[in-house]
Colleague: 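The structure follows.
As the structure is a computational prediction, the values presented were derived from the model and not from experiment. Computation of the quantities below employed the complete heavy-atom set of this structure, encompassing side-chain atoms and omitting hydrogens, waters and symmetry-equivalent molecules. Protein chains get the first letters and strands the later ones, always in sequence-line order, with residue 1 at the start of each.
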There are 2 protein chains.
Amino acid sequence: MAARTSSKTSESSDKVSVICRALRRAIIEQALEPGAKLPEDALGERFGVSRTIARHALGQLAAEGLVELRRNRIAVVATPSWQEARDAFDIRIELERLVVRQLAGKLTKAQIAELNAHVDAEDRARGGTDAVSIRLATEFHILLAHMTNSPILVRYVSEVAYRCCLTLSLYSRPHSTECAINEHRAIISALAKGDEAKVMDLMHHHLDSVANRALVAPTPQRGRDLLDILAPYADEVTSDRVVKLPKVARRG
Amino acid sequence: MAARTSSKTSESSDKVSVICRALRRAIIEQALEPGAKLPEDALGERFGVSRTIARHALGQLAAEGLVELRRNRIAVVATPSWQEARDAFDIRIELERLVVRQLAGKLTKAQIAELNAHVDAEDRARGGTDAVSIRLATEFHILLAHMTNSPILVRYVSEVAYRCCLTLSLYSRPHSTECAINEHRAIISALAKGDEAKVMDLMHHHLDSVANRALVAPTPQRGRDLLDILAPYADEVTSDRVVKLPKVARRG
DNA sequence: TGGCCCCAAACTGCATGCAATTGGAGCGCG
DNA sequence: CGCGCTCCAATTGCATGCAGTTTGGGGCCA
């Protein structure tokens with residue numbers, strides 16, 4: 001039996017959704033770097049909508065973890081800590097193992113062709129920018145998730161994959177995408193053969209190696225932000241106005 | 001080393017967040033059944049805020065999958081299909097295995113005490129309503145997730161657990177909570193002993209049995225809603241105004 | 001009785017306006 | 001030169017208003 005067919009989980013065409021999609025893409029392509037400010041008016045003006053709508057969109061993206069929203073402060077693109085990045089990859093591994101487990105041996109010829117076509121596109125994009133390569137690689141995984149036709153799984157895989165994308169811009173060394181592409185091909189092939197155990201293993205190691213290539217070393221003090229380092233100490237403080245830091249290394 | 005300590009992932013105290021929490025709780029306690037209407041004005045009036053805020057809250061809950069939002073229509077509490085319910089449980093199993101894997105052997109005495117205290121509370125609540133038992137059982141799992149101190153994991157486990165709660169009100173037979181409580185105790189004990197493999201297995205079977213007790217039979221036609229049954233047929237129709245059904249069994 | 005149409009009420013989609021909060025530039029002082 | 005203070009522009013939090021869409025019920029006709 002083929003993996004379940006069709007569905008219309010596509011985001012509706014609200015103005016809100018349009019802005020969300022645009023911002024999501026800008027973020028994962030690193031046009032908007034972590035920490036970048038996202039003022040409501042500016043967004044509204046840029047997209048030709050009112051602040052209300054921009055605000056709502058930011059709320060949605062915050063729910064996805066791509067944007068950080070602090071009361072009375074300008075929204076910024078999320079800056080996950082190194083630990084959060086690692087956690088995201090751990091979760092992603094489990095979710096995507098689930099994806100390929102459900103898919104193994106159940107793909108139609110058309111679906112396999114679609115996957116191959118996508119990887120071909122990744123191949124052709126090797127000359128282009130890193131950002132595009134990363135986006136395409138991510139979309140491969142999301143495409144897989146879609147084929148399970150489980151809306152929930154699609155949502156979670158997408159979200160966590162986007163978050164991982166985000167961390168790449170923070171902690172990644174310039175990386176070679178070639179092996180990733182080969183690993184994608186291997187996964188397709190194992191899926192087609194229906195070798196469930198093998199494909200789960202392939203996916204596991206694929207993501208693990210991406211994570212290891214990307215998240216260079218725990219480097220205890222390499223946290224981008226002084227505030228992160230001090231966070232655990234601040235926990236002890238009961239006052240609401242925690243500690244007045246001298247102004248250093250303000251991002252933005 | 002103890003599982004990572006503390007964090008402040010608690011939702012901020014916006015009016016929006018307040019409404020979200022209230023609705024979430026009402027939904028998982030089944031005060032609001034799946035399909036229940038949630039008009040913006042009514043919510044706004046009830047909580048003493050404007051429609052704008054109520055609307056924003058609904059947006060957040062929709063992002064969590066607890067509410068269904070269709071353009072120009074009244075928001076309703078989500079009505080997951082049987083398949084979606086099953087998918088949610090599958091995801092939940094993987095996520096919670098991850099939780100206990102991270103926690104095995106790393107809990108402080110205080111944390112173990114906290115877990116035991118919670119299960120004691122579950123025990124005491126056995127006399128009360130089903131809704132409360134279900135909520136407490138769910139909160140046990142979320143408490144575990146919190147102890148990983150991974151905000152992402154907390155978010156996903158919470159969300160998926162709430163979704164599972166939601167499905168219980170749809171497909172569950174009146175169930176005995178006793179075995180679940182015992183299973184919770186067994187999990188705590190295995191966590192304390194640090195038996196990683198065992199606790200992962202316990203969690204797996206615990207959730208699997210909850211799912212099997214809850215999701216009674218695929219019962220092909222027992223779907224609550226005629227529209228769900230007809231959905232695959234509607235896929236063939238190209239017209240936008242799909243099929244004009246005679247008015248039957250309108251929920252609401 | 002049963003089906004169809006039309007219209008008013010109900011409701012959502014979105015923009016705008018006002019009050020409250022923030023942060024950072026400018027200024028004075030040690 | 002650095003530190004702290006004040007004050008104002010920038011920005012958010014939220015309510016309200018208007019226009020467009022959906023709902024559902026009464027009346028009309030068969």
Colleague: Salt bridge check: are Glu64(A) and Arg24(A) linked by an N-O gap of less than 4.0 Å?
Modeller: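 Salt bridge present between Glu64(A) and Arg24(A).
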Colleague: Are Leu115(B) and Leu143(B) packed together at the side-chain level, in the sense that at least one heavy-atom pair is separated by less than 4.5 angstrom?
Modeller: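 Leu115(B) vs Leu143(B): side chains touch.
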Colleague: Decide yes or no on side chain to side chain contact (heavy atoms under 4.5 Å, CB included) for Gln102(B) and Leu153(B), but give the supporting numbers first.
Modeller: CA-CA 11 Å; Gln102(B) 291 193 7; Leu153(B) 201 43; 4.3 Å; yes
Colleague: Whole-Å distance between dT12(C) C1' and Glu40(B) CD?
Modeller: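 Taking atom C1' of dT12(C) as the reference, CD of Glu40(B) is at 6 Å.
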Colleague: Check nucleotides 15-21 of chain D for protein N or O atoms closer than 3.5 Å to its own N or O atoms and list the pairs.
Modeller:
unit_1: dA15(D); atom_1: OP1; unit_2: Ser50(B); atom_2: N; d: 3.3
unit_1: dA15(D); atom_1: OP2; unit_2: Ser50(B); atom_2: N; d: 2.8
unit_1: dA15(D); atom_1: OP2; unit_2: Ser50(B); atom_2: OG; d: 2.7
unit_1: dA15(D); atom_1: N7; unit_2: Thr52(B); atom_2: OG1; d: 3.3
unit_1: dT16(D); atom_1: O4; unit_2: Thr52(B); atom_2: OG1; d: 2.8
unit_1: dG17(D); atom_1: O6; unit_2: Arg51(B); atom_2: NH2; d: 3.3
unit_1: dT21(D); atom_1: O3'; unit_2: Asn72(B); atom_2: ND2; d: 3.4

Colleague: Is there a side chain to side chain contact (heavy atoms under 4.5 Å, CB included) between Val157(A) and Val99(A) once you walk through the steps?
Modeller: CA-CA 9 Å; Val157(A) 168; Val99(A) 167; 3.9 Å; yes
Colleague: To the nearest Å, give me how far apart NE2 (His56(B)) and C1' (dT12(D)) are.
Modeller: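 Whole-Å distance recorded here is 12 Å.
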Colleague: Is the phosphate of dT12(C) approached by Arg55(B) (side-chain N or O, under 4.0 Å from OP1 or OP2)?
Modeller: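 So the side chain of Arg55(B) is outside the cut-off, no N or O lying under 4.0 Å from OP1 or OP2 of dT12(C).
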Colleague: What verdict does the side chain to side chain donor-acceptor pair (under 3.5 Å) test give for Glu96(A) and His141(A), after you've listed the backbone C-alpha separation in whole Å, the side-chain angles of each residue and the deciding distance to 0.1 Å?
Modeller: CA-CA 8 Å; Glu96(A) 298 220 30; His141(A) 289 262; 2.7 Å; yes
Colleague: List the steps and the verdict of side chain to side chain contact (heavy atoms under 4.5 Å, CB included) for Ile19(B) and Val49(B).
Modeller: CA-CA 9 Å; Ile19(B) 298 181; Val49(B) 300; 3.6 Å; yes
Colleague: Report the distance from atom CG of Leu58(B) to atom C1' of dC11(C), rounded to the nearest whole Å.
Modeller: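 The distance from CG of Leu58(B) to C1' of dC11(C) comes to 13 Å, rounded to the nearest Å.
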Colleague: May I have the distance from Leu69(A) (atom CG) to dT11(D) (atom P), rounded to whole angstrom?
Modeller: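 My rounded result for the distance is 15 Å.
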Colleague: May I have the step-by-step check of side chain to side chain contact (heavy atoms under 4.5 Å, CB included) for Leu23(B) and Leu43(B), ending in yes or no?
Modeller: CA-CA 10 Å; Leu23(B) 287 181; Leu43(B) 291 179; 4.1 Å; yes
Colleague: Identify which nucleotide among dC14(C), dG13(D), dT12(C) has an atom closest to any side-chain atom of Arg71(B), counting heavy atoms from C-beta outward.
Modeller: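 Side chain of Arg71(B) sits closest to dC14(C).
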Colleague: Please list each protein N or O that sits under 3.5 Å from an N or O in nucleotides 6-10 of chain C, with the distance.
Modeller:
none

Colleague: Once you round it to whole Å, what is the distance between P of dT11(D) and NZ of Lys37(A)?
Modeller: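 These atoms are roughly 8 Å apart.
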Colleague: Check the angle between the aromatic planes of His56(B) and His56(A) and answer parallel, tilted or perpendicular using the 30° and 60° thresholds.
Modeller: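 Rings of His56(B) and His56(A): perpendicular, as their planes differ by over 60°.
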